[in-house]
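Contents: one structure, followed by commentary.
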Amino acid sequence: MTLDILRRELKKRGQRITYQRELILKIFMESENAHFGAEEIYRLLLEKRSRISKATVYRTLALLADFGILNKIEFGDGIVRYELASFDGKSHNHLICKICGKVVEFESDKLDELMETISKETGYRIENYQVKFYGICPDCFKKILRNDDNQKIASESVK
Ligand SMILES: [Zn+2]
Ligand SMILES: [Zn+2]
């Protein structure tokens, strides 16, 4: 994704890229798999010493979502997050760690096939879909295993 693409997409919708919009969109472009809530965007802007008020961040994110430049997305923790919309019409799905909140995206031909099967069975013309898998990421799982080991060692040394 480049700023030019975003500028063009905004223009198509009769909008232009303002200073604030550009700063916020750059944050999404700079990080891979960016799924940010307004508070996080505000914090990242502060780190860059950008002086944008929290109210402007909230308003700009909502506007960009209305324009279809950002997608609104929720992962069940009550935080409204945003991500850059994909303009290629492809569906992407999310793996969400319920411990650290890490989000990973994936695509799957098998899910595309499943969509077609269900479309045929139900007669629905399905346009897109989004699958969310909730669970524990490998890093958190390793930590859990390590803690279990430590506890085992601790209880054995008591014996
Ligand atoms: Zn995790
Ligand atoms: Zn995503």
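Each ligand, and each atom within it, is numbered from 1 in the order the structure gives.
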Task: Glu105: its N/O/S atom lying closest to the Zn ion (ligand 2) (atom name) - done: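 Sorting the N, O and S atoms of Glu105 by distance to the Zn ion (ligand 2) puts OE2 first.
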
Open item on the list: Regarding Lys26 and Glu22, does a basic nitrogen lie under 4.0 Å from an acidic carboxylate oxygen?
Closed with: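 So Lys26 pairs with Glu22 through a salt bridge.
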
Open item on the list: Looking at Arg13 and Glu9, is there a salt bridge between them, counting it only when a charged N and a carboxylate O are closer than 4.0 Å?
Closed with: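 Salt bridge flag = yes for Arg13 with Glu9.
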
- [ ] Look at the rings of Phe106 and Phe133 and say which category their plane angle falls in: under 30° parallel, 30 to 60° tilted, over 60° perpendicular.
- [x]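 It falls in the parallel class, under 30°.
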
TODO: With the Zn ion (ligand 2) at the centre, find the angle made by NE2 from His92 and NE2 from His94, to 10°.
DONE: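 Approximately 90° at the metal, rounded to tens of degrees.
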
Task: Apex the Zn ion (ligand 2); atoms Glu83 OE1 and His35 NE2; angle rounded to 10 degrees - done: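 Reported to 10°, the angle equals 90°.
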
TODO: Rounded to the nearest 10 degrees, what's the angle SG of Cys140 makes with SG of Cys100 at the Zn ion (ligand 1)? Could you check?
DONE: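 It comes to 110°.
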
Task: Exam field: side chain Arg21 to backbone Arg16, donor-acceptor pair closer than 3.5 Å - done: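 Side chain of Arg21 to backbone of Arg16: a pair is present.
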
